[in-house]
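Structure record follows, encoded as structure tokens.
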Amino acid sequence: MAAQVKRCQKCPRLVNHCQSIAKVKRKAYLEDRYWGKPVPNLGTHDVSLLVIGLAPGAHGANRTGRMFTGDRSGEWLYRTMYKFGFSNQPNSDSRTDGLELIDAAITNICRCAPPDNKPDKTELSNCRPYFSETLGLADPIVMMALGALAWNATIAAAVDVNWLEAPKRRPKFAHGERLKLKDGRWLIGSYHPSQQNTFTGRLTQRMFDSVFRTSKRLIEKSSI
Ligand code: SF4
């Protein structure tokens with residue numbers, strides 16, 4: 001799937017946006033060769049934890065070519081994953097920095113960096129088959145959705161792969177919210193570790209730790 005994703009051009013607006021960011025660059029990264037295309041999943045098949053974000057950061061994953069790598073959101077995510085034993089190091093700077101996930105994988109519901117971090121409905125729908133396929137490949141016990149869009153997309157994809165009966169009313173996203181799925185699987189919601197949330201204190205390290213602690217506990221208690 002990674003090869004297919006890298007070549008994907010289903011969303012012309014996003015493909016153009018990724019390429020134009022890669023040409024113009026940010027001043028601090030003028031020497032870098034930007035990735036500038038769709039970013040594939042990170043991690044292997046059959047993991048316990050699947051972390052689900054929204055989309056690559058314009059100067060983070062769209063620059064480095066690896067999920068949540070090279071920006072502030074990634075600093076929060078990997079620091080916390082390391083703390084709870086889901087990665088071999090707390091930092092993620094480039095595709096060659098030696099990072100390895102441990103029994104975990106990371107994906108986004110949209111694999112191209114969108115203008116203003118806002119993919120439209122068609123773009124999310126174009127990317128949905130990759131996401132549903134990712135669920136099957138990762139086969140996780142716990143899915144951690146970072147933000148309401150990831151939460152809603154995960155519920156839709158969980159219905160696609162028959163891990164959840166289509167709900168009459170969609171369960172609402174909240175930080176720390178849990179939803180039990182079939183076969184002992186869980187969906188847990190967390191605020192996204194974007195600067196918008198971490199700089200304003202909407203998401204604190206303690207709150208982020210708490211959803212990872214719960215995820216770890218659910219994984220340890222699982223009989224899958
Ligand atoms: S967002 Fe997804 S479907 Fe759209 S071009 Fe990127 S990889 Fe393809």
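Just follow the structure's listing: the first ligand is 1, and inside any ligand the first atom is 1.
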So the atoms of ligand 1 within less than 4.0 Å of a heavy atom of L14 turn out to be 1 (S)
Interatomic distance, NE2@H17 vs SG@C11, rounded to 0.5 Å, equals 13.0 Å
heavy-atom search around atom 2 (Fe) of ligand 1 in the protein gives C127 SG, 2.3 Å
Of all protein heavy atoms, the one nearest atom 4 (Fe) of ligand 1 is C11 SG, 2.3 Å
N126 heavy atoms within 4.0 Å reach ligand 1 at atoms 3 (S)
Problem - D120 (side chain) donor-acceptor with E123 (main chain) under 3.5 angstrom - result: yes
Quick one: is the NZ or CZ of R72 closer than 6.0 Å to the six-membered ring centre of W76, and within 45° of its axis? no
Report task. Hey, can you tell me if Y34 and H59 have their rings parallel, tilted or perpendicular (30° and 60° cut-offs)? Result -> perpendicular
Closest to atom 8 (Fe) of ligand 1 among protein heavy atoms sits C8 SG, 2.2 Å
Could you tell me if the ring centre of Y82 sits under 6.0 Å from that of Y78? no
Notebook entry, point to check: Would you say C112 has an N, O or S atom lying under 2.8 Å from atom 6 (Fe) of ligand 1?
Noted result: yes
